[in-house]
Each structure stands twice: as structure tokens, then as C-alpha cells.
Amino acid sequence: MRIATYNVNGVRGRLPVLLRWLDQTQPDIVCLQELKAPQDAFPEDAIRAAGYGAIWHGQSRWNGVAILAKGADPIETRRGLPGDPDDLHSRYIEAAVGGILVGGLYLPNGNPRPGPKFDYKLRWFSRLTDHMRKLYKTRAPVVIAGDYNVMPTPKDVYKPERWLDDALFAPEVRTAYAGLLEQGWVDALRHLHPDETIYTFYDYFRNAFARDAGLRIDHLLCNRPAAKRLRTADVDRFVRGWEKTSDHCPVWIELAPS
DNA sequence: ATGACAGTTTTAAACTGA
């Protein structure tokens with residue numbers, strides 16, 4: 001069972017790349033972020049033709065999250081985090097697929113810091129922390145995957161000293177991420193590759209990909225039943241080298257059969 | 001400190017991203 005997360009940065013403009021990647025790697029479950037498409041503009045037909053059922057929460061211009069399942073329809077269990085009915089951003093969706101509970105998230109960027117956007121990021125993170133505390137205790141495997149917009153440690157940034165004041169690396173957000181690990185969640189990529197340099201994002205500027213000037217901000221967190229089945233994990237870096245590609249790479253884990 | 005690029009929308013300049 002392969003579970004992937006991919007910030008596509010525009011699902012319509014990225015559709016050829018997304019379909020090529022799906023066809024080539026055949027993940028069983030996929031969390032997508034940054035659809036940048038209103039609800040009725042999601043390319044459902046093309047994705048279904050590729051063999052995937054889907055649920056999604058769109059939004060005009062920004063944000064937007066989806067969950068795809070190969071040969072199945074995800075059973076939606078939640079859209080939007082609890083705790084703030086006034087928060088209209090499409091940033092969280094959750095579903096049961098094949099006995100696994102999967103949450104897909106797009107955590108706010110938070111720049112500039114300080115400021116209202118950073119405050120919103122911390123509030124959103126706090127709501128996520130509350131929700132994940134409950135989910136952790138689920139007896140079934142739970143995987144919360146997505147663009148967390150956090151580099152957890154200096155090892156996850158090409159030049160940490162330049163990012164100290166940035167909303168993706170600030171002490172407050174690293175502390176919040178560490179709080180999830182303290183609940184027991186396992187950061188799958190780091191757990192299986194404790195000493196490797198792993199990046200999941202390379203900006204479009206300054207030839208960042210060729211220089212390997214990256215960030216690790218896309219994560220898959222496993223509760224204990226999921227972590228017990230965790231076998232392999234990796235980043236599909238080759239996709240970042242394609243034409244008209246996202247600035248993020250797909251990231252995935254492989255769980256042993258139940 | 002700024003801006004480099006990319007996707008989207010009030011289809012042109014502005015916003016957001018990380």
C-alpha cells in the first residue's frame with residue numbers, strides 16, 4: 001500500500017504532469033495540495049479515467065486539497081479542521097480508504113513573520129494539534145500527509161542560517177511540529193532515513209533544483225498502527241525535473257499489507 | 001533587502017507562494 005502526498009501548485013495546469021506521475025508510479029492513495037481551482041473545476045473525469053476515485057475541497061484561486069484512491073472511492077470523514085467555523089480556507093480533508101484513515105493538509109505558509117498571516121498559521125497549527133491528538137488514538141492506521149510548510153530541523157534546509165526568521169523555520173512552528181512527534185506521530189521519511197539530506201521542495205528561482213537548494217516541508221506522519229507497517233519511504237525527485245512541473249516533489253511511503 | 005519564477009484571476013496587474 002503506497003500512500004503519497006503531492007503539492008501540485010495548480011491542478012489544472014499540472015494535470016499532464018500529475019497523470020504522467022500517477023501512470024508511472026501507481027500510488028494507492030494520494031493527497032494533493034494547492035489545487036488552485038474552484039470546486040466545480042477539479043478535473044474529476046481525467047483522474048477517474050486514470051483509475052482513481054477522488055474527493056476534493058476546492059477554492060477559487062488558492063489552497064484546495066484532494067484525496068485520490070486507486071480503484072476505489074475514498075469515504076470522506078471530514079473536510080476542514082474543527083475549532084473555527086469562520087476559517088473558510090480549503091486546507092484539510094480526511095477519508096477512509098482500504099482500512100486506513102488518511103488526512104491531507106495544506107498548512108498555511110505564514111509569511112511574513114511577524115504579522116496576521118503568521119498568527120493564522122499558529123492558530124491553524126494549534127487546531128491541527130488538537131485534532132491529531134484525538135486521531136492518534138485510533139486503533140486503525142492513520143496517516144496525516146501534506147504540505148506542513150515547516151522544516152522540522154536544520155538538517156531539512158539547505159542553508160538554515162538564512163531561514164531563521166522565516167515563517168517556515170521559525171522556532172514557534174518547529175516547536176509546534178515537535179509537539180506532534182511528542183504525541184507519538186512518526187515522521188516517516190526522517191524515521192527511515194535519519195541521516196540523509198532529504199528535500200521535497202525547490203523554488204523556481206535561481207536554479208534551485210540543479211543546485212540542490214531545497215527544503216523538506218512535505219511530510220507523512222504515522223500513528224503507531226501505521227508506523228508498525230511502515231516499510232519504505234522516498235521522494236520522487238525525478239518529477240521535479242520534468243517540464244511544467246510543480247515546485248514540490250511527490251513524497252510517498254509504503255505500508256506492509258495488514 | 002530585493003527579486004528571481006509560476007499559477008491564478010476582474011485577462012492585466014496584482015496577489016500568493018516558500
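- A sub-4.0 Å separation between OP1 or OP2 of B:dG7 and a side-chain N or O of A:K244 is present.
- To the nearest angstrom, P of B:dG17 lies 10 Å from NZ of A:K121.
- Across all strands, A:D147 comes closer than 4.0 Å only to sugar-phosphate atoms, never to a base (heavy-atom distances).
- Put simply, CG on A:D165 is 13 Å from C1' on B:dA1, counting in whole angstrom units.
- Following rounding to the nearest Å, A:R206 (CZ) and B:dA4 (C1') show an atom-to-atom distance of 6 Å.
- Rounding to whole angstrom units, CG of residue A:L107 and C1' of B:dG17 are separated by 14 Å.
- Close to B:dT16, at under 4.0 Å from its OP1 or OP2, lies a side-chain N or O of A:K117.
- When the P atom is compared between B:dT11 and B:dA1, the two are found 36 Å apart, to the nearest whole Å.
- Of the possible donor and acceptor atoms, one in the side chain of A:R91 sits under 3.5 Å from a partner among the backbone N and O of A:Y106.
- Within the structure, every side-chain polar atom (N or O) of A:H248 is placed at least 4.0 Å from both OP1 and OP2 of B:dG17.
- In this structure, A:N63 places its CG atom 13 Å from C1' of B:dG7, rounding to the nearest Å.
- Expressed to the nearest 0.5 Å, how far CD1 of A:I198 lies from NE2 of A:H219 amounts to 10.0 Å.
- Of the charged side-chain nitrogens involved, none lies within less than 4.0 Å of a carboxylate oxygen, so that A:R123 and A:D87 do not count as a salt-bridged pair.
- Atom CZ in A:F209 sits roughly 17 Å away from atom C1' in B:dA6 (whole-Å rounding).
- Separation of the P atoms belonging to B:dG7 and B:dA18 is 14 Å when rounded to the nearest angstrom.
- Contact annotation: A:N7 side-chain N/O to B:dA18 OP1/OP2 distance is under 4.0 Å.
- If you measure from atom CZ of A:R240 to atom P of B:dC5, you get 13 Å, rounded to the nearest angstrom.
- Among the nucleotides B:dT16, B:dG17, B:dT9, the one closest to the side chain of A:Y204 is B:dG17.
- Of all non-hydrogen atoms in A:V30 and A:P27, the two that sit nearest each other are CG2-CG, 3.4 Å.
- Taking side-chain N and O atoms only, A:Y106 has a distance below 4.0 Å to OP1 or OP2 of B:dA18.
- Taking atom C1' on both nucleotides, B:dA14 is separated from B:dT10 by 11 Å, rounded to a whole Å.
- Dashed line: the shortest gap from a side-chain N or O of A:N109 to OP1 or OP2 of B:dG17 is not under 4.0 Å.
- When the side-chain nitrogen and oxygen atoms of A:R61 are compared with OP1 and OP2 of B:dT16, none of them lie within a distance under 4.0 Å.
- Under the 3.5 Å distance criterion, with hydrogens and angles disregarded, a donor-acceptor pair is assigned to the side chains of A:Y202 and A:D212.
- The distance from atom CG of A:L35 to atom P of B:dT16 is 19 Å, rounded to the nearest whole Å.
- The listed nucleotides are B:dA4, B:dA6, B:dT8; the one nearest the side chain of A:R14 is B:dA6.
- For the pair A:G13 and A:E34, nearest-nucleotide mapping onto DNA chain B gives the more 5' position to A:G13.
- OP1 or OP2 of B:dA18 sits under 4.0 Å from a side-chain N or O of A:N149.
- Note on A:N9: only backbone sugar-phosphate atoms sit closer than 4.0 angstrom, heavy atoms only; bases stay farther off.
- With hydrogens and angles ignored, the 3.5 Å screen pairs no side-chain donor or acceptor of A:D236 with any backbone N or O of A:F238.
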